[in-house]
Amino acid sequence: MIIKSLELADFRNYENLKIEFSSGTNILYGDNAQGKTNILEAIYLAATTKSHKGSKDKEIISFGKEEGHIRTIIERDGAEYRVDMHLRKSKSKGIAIDGQKIRKASDLVGRCNVVFFSPEDLSIIKDGPAERRRFMDMELCQLDQIYLENLAKYNKLITERNKVLKDMFEHPENSVLLDVQDKQLLEYGSVIIRSREKFIRDLCDIVDPIHHKLTGGREKLKIYYEPNITAAEFESKLRNSRQKDIYLKQTTVGPHKDDFSFNVTTENMPEEIDIRKYGSQGQQRTASLSLKLSEIEIVKKSKKENPVLLLDDVLSELDSNRQNYLLNTIGDIQTIITCTGLDEFVNNRFEINKVFRVVNGSIPEE
Ligand SMILES: Nc1ncnc2c1ncn2[C@@H]1O[C@H](COP(=O)(O)OP(=O)(O)OP(=O)(O)O)[C@@H](O)[C@H]1O
Ligand SMILES: [Mg+2]
């Protein structure tokens with residue numbers, strides 16, 4: 001699958017832009033704050049309906065404008081289709097595929113798979129559980145529409161339930177509302193837990209050989225899901241924590257508290273160690289890279305299709321061994337790389353197909 005072109009109107013610092021990508025490696029370079037990441041954000045948004053950094057539509061539309069547009073032409077299995085996205089300040093976004101409006105944003109998801117890699121991803125193991133859940137959700141939402149819908153409903157319910165909990169002292173009669181919400185939480189939450197279980201199991205199989213190679217055969221890596229509660233115990237735990245939830249004014253059990261762990265063994269250390277707590281910085285960064293590379297494999301495996309790889313300023317963060325490893329795994333995947341200068345590519349043997357210089361919200365002809 002490839003993205004053939006991207007058109008923007010009143011998107012971030014772009015008034016108007018049209019860009020045609022190569023199906024191979026594309027480089028976007030330019031000084032800071034010129035709009036390189038904004039282009040990757042537009043692609044991510046067109047594929048997943050969401051910003052990679054969680055920005056709201058109204059923040060993405062150019063300052064002072066009421067609406068913005070993104071148009072992408074995507075080629076998949078030899079056929080082309082056009083995705084139009086209409087961002088509006090005070091309404092939800094409109095999306096059309098080949099001119100046909102789609103009913104729900106989730107109907108778009110999964111048609112175009114992208115893997116977004118930024119320097120922050122290298123600290124996913126060092127960071128807190130929220131960042132790891134975000135990783136899991138960003139990936140699962142692209143792969144599984146049912147997951148996406150359940151997660152959206154679950155998150156909305158948690159917000160609503162917390163609101164009811166906050167008012168409980170003044171409105172004890174609202175406990176019937178909690179009963180209704182808990183039933184729904186169980187329904188959506190159980191789907192989330194089961195999907196995450198499977199995702200982490202698949203991920204664990206894929207990540208180990210990648211990590212083994214990346215560490216020159218020194219380390220084995222295992223990833224385990226750490227659910228806050230299992231699907232089977234969700235109901236009883238939710239019921240038993242009701243008083244505590246009322247007291248703390250928030251929902252304390254459920255998959256919104258999940259995490260997963262990274263465990264390494266070496267020849268010298270055959271006992272698994274949890275590198276979230278005991279890993280060295282380098283070890284954590286390498287395992288994070290293994291995780292991102294696994295994402296590519298997961299898409300290939302489950303979609304039988306190459307994802308589009310978006311590398312935001314990430315090459316300069318890696319030493320030359322890891323850079324080479326990453327660039328070698330790219331193979332025939334369409335890749336869009338942002339960087340501030342072209343120097344970092346001089347010593348690399350890999351082929352660059354198209355180079356764009358980004359200057360203050362435009363790409364001048366050179
Ligand atoms: N809604 C918006 N409307 C207009 N401009 C915006 C909007 N949101 C962000 N910008 C501007 O976009 C500019 C470029 O952002 P971007 O993150 O793409 O830069 P970059 O080229 O990736 O820079 P860096 O090399 O520092 O990562 C910023 O200076 C910011 O002020
Ligand atoms: Mg940037």
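Atoms within each ligand, like the ligands themselves, are counted from 1 in listed order.
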K.L.:
So which heavy atom on L165 is nearest to which on Q250, and how close?
P.N.:
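Looking at all heavy atoms of both residues, the closest pair is CD1-C, 3.5 Å.
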
K.L.:
Do S261 and D274 have side-chain atoms, one donor and one acceptor, less than 3.5 Å apart?
P.N.:
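Looking only at side-chain atoms, D274 and S261 do not form any donor-acceptor pair under 3.5 Å.
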
K.L.:
Does only the side chain of I60 get under 4.0 Å from ligand 1, or the backbone, or both, or neither? Count heavy atoms.
P.N.:
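The answer is the backbone of I60.
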
K.L.:
Give yes if a backbone or side-chain nitrogen or oxygen of G35 is under 3.5 Å from a nitrogen or oxygen of ligand 1, and no if not.
P.N.:
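Yes: some nitrogen or oxygen of G35 is under 3.5 Å from one in ligand 1.
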
K.L.:
Where on E59 is there a heavy atom closer than 4.0 Å to ligand 1, on the side chain, on the backbone, on both, or on neither?
P.N.:
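Answer for E59: backbone.
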
K.L.:
Is the F116 ring parallel, tilted or perpendicular to the H52 ring (thresholds 30°, 60°)?
P.N.:
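Parallel, since the angle between the ring planes stays under 30°.
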
K.L.:
Out of all atoms in ligand 1, which are within 4.0 Å of some heavy atom of T37? Include the element for each.
P.N.:
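Taking each heavy atom of T37 in turn, ligand 1 has 17 (O), 18 (O), 20 (P), 22 (O), 27 (O) under 4.0 Å.
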
K.L.:
For atom 23 (O) of ligand 1, what's the nearest protein heavy-atom neighbour? Residue, atom name and distance, please.
P.N.:
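Looking only at protein heavy atoms, the one closest to atom 23 (O) of ligand 1 is A33 N, 2.7 Å.
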
K.L.:
Any atoms of ligand 1 less than 4.0 Å from a non-hydrogen atom of N38? List them with their elements.
P.N.:
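With N38 as reference, the close atoms of ligand 1 come out as 12 (O), 13 (C), 14 (C), 15 (O), 16 (P), 17 (O), 18 (O).
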
K.L.:
Per the ring pair (Phe, Tyr, Trp, His ring centres under 6.0 Å) rule, what does the pair list look like for residues 67-107, sequence neighbours excluded?
P.N.:
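Residue pairs passing ring pair (Phe, Tyr, Trp, His ring centres under 6.0 Å), neighbours aside: H69-H86.
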
K.L.:
How does the hydrophobic cluster around Y224 look, that is, which other residues are in it when side-chain heavy atoms under 4.5 Å mark a link?
P.N.:
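Result for Y224 is none, singleton.
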
K.L.:
Distance to 0.1 Å, residue and atom name: give those for the protein heavy atom nearest to atom 31 (O) of ligand 1.
P.N.:
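Here the nearest protein heavy atom works out to F63 CE1, 4.6 Å.
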
K.L.:
Tell me which part of I61 gets within contact of ligand 1: side chain, backbone, both or neither, using heavy atoms under 4.0 Å.
P.N.:
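It is the backbone that touches ligand 1; the side chain stays farther off.
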
K.L.:
Do any N/O atoms on K53 end up under 3.5 angstrom from N/O atoms on ligand 1?
P.N.:
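No, K53 has no N/O under 3.5 Å of an N/O on ligand 1.
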
K.L.:
So which protein heavy atom does atom 11 (C) of ligand 1 come closest to, and at what separation?
P.N.:
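Sorting protein heavy atoms by distance from atom 11 (C) of ligand 1 puts N13 CB, 4.0 Å first.
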
K.L.:
Surrounding CD of E235 (heavy atoms of other residues, nucleotides or ligands, distance under 6.0 Å), is the total greater than 12?
P.N.:
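Result for CD/E235: open.
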
K.L.:
Are side-chain N/O atoms of N38 and N13 paired as donor and acceptor at under 3.5 Å?
P.N.:
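Distance-only check passes for N38 and N13.
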
K.L.:
List-wise, which protein N, O or S atoms are found short of 2.8 Å from the Mg ion (ligand 2)?
P.N.:
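You should have found T37 OG1.
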
K.L.:
Quick one: do the Q142 and T48 side chains pair a donor with an acceptor below 3.5 Å?
P.N.:
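There is no such pair (donor and acceptor under 3.5 Å, judged by atom type) between the side chains of Q142 and T48.
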
K.L.:
Which heavy atom of the protein is the closest neighbour of atom 26 (O) of ligand 1, given with residue, atom name and distance?
P.N.:
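So the nearest neighbour among protein heavy atoms is N32 ND2, 3.1 Å.
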
K.L.:
Taking only non-hydrogen atoms of S62, do any sit less than 4.0 angstrom from ligand 1?
P.N.:
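So S62 counts as touching ligand 1.
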
K.L.:
Check the side chains of R12 and S55 for a donor-acceptor pair under 3.5 angstrom, ignoring hydrogens and angles.
P.N.:
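On atom types as modelled, these side chains qualify, holding a pair under 3.5 Å.
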
K.L.:
Quick one: salt bridge (Lys or Arg N to Asp or Glu O under 4.0 Å) pairs with a partner in residues 120-131, sequence neighbours left out?
P.N.:
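Only D121-K292 qualify under salt bridge (Lys or Arg N to Asp or Glu O under 4.0 Å).
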
K.L.:
Got a salt bridge between D179 and R242, using NZ or NE/NH1/NH2 to carboxylate O under 4.0 Å?
P.N.:
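Answer for the salt bridge query: yes.
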
K.L.:
Who's the nearest protein heavy-atom neighbour of atom 9 (C) of ligand 1, and how far?
P.N.:
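Of the protein heavy atoms, R12 CD, 3.7 Å lies nearest.
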
K.L.:
Test salt bridge (charged side-chain N to carboxylate O under 4.0 Å, His left out) on E20 and K354; report intermediate values, then the result.
P.N.:
CA-CA 9 Å; E20 284 178 10; K354 236 172 162 177; 5.2 Å; no

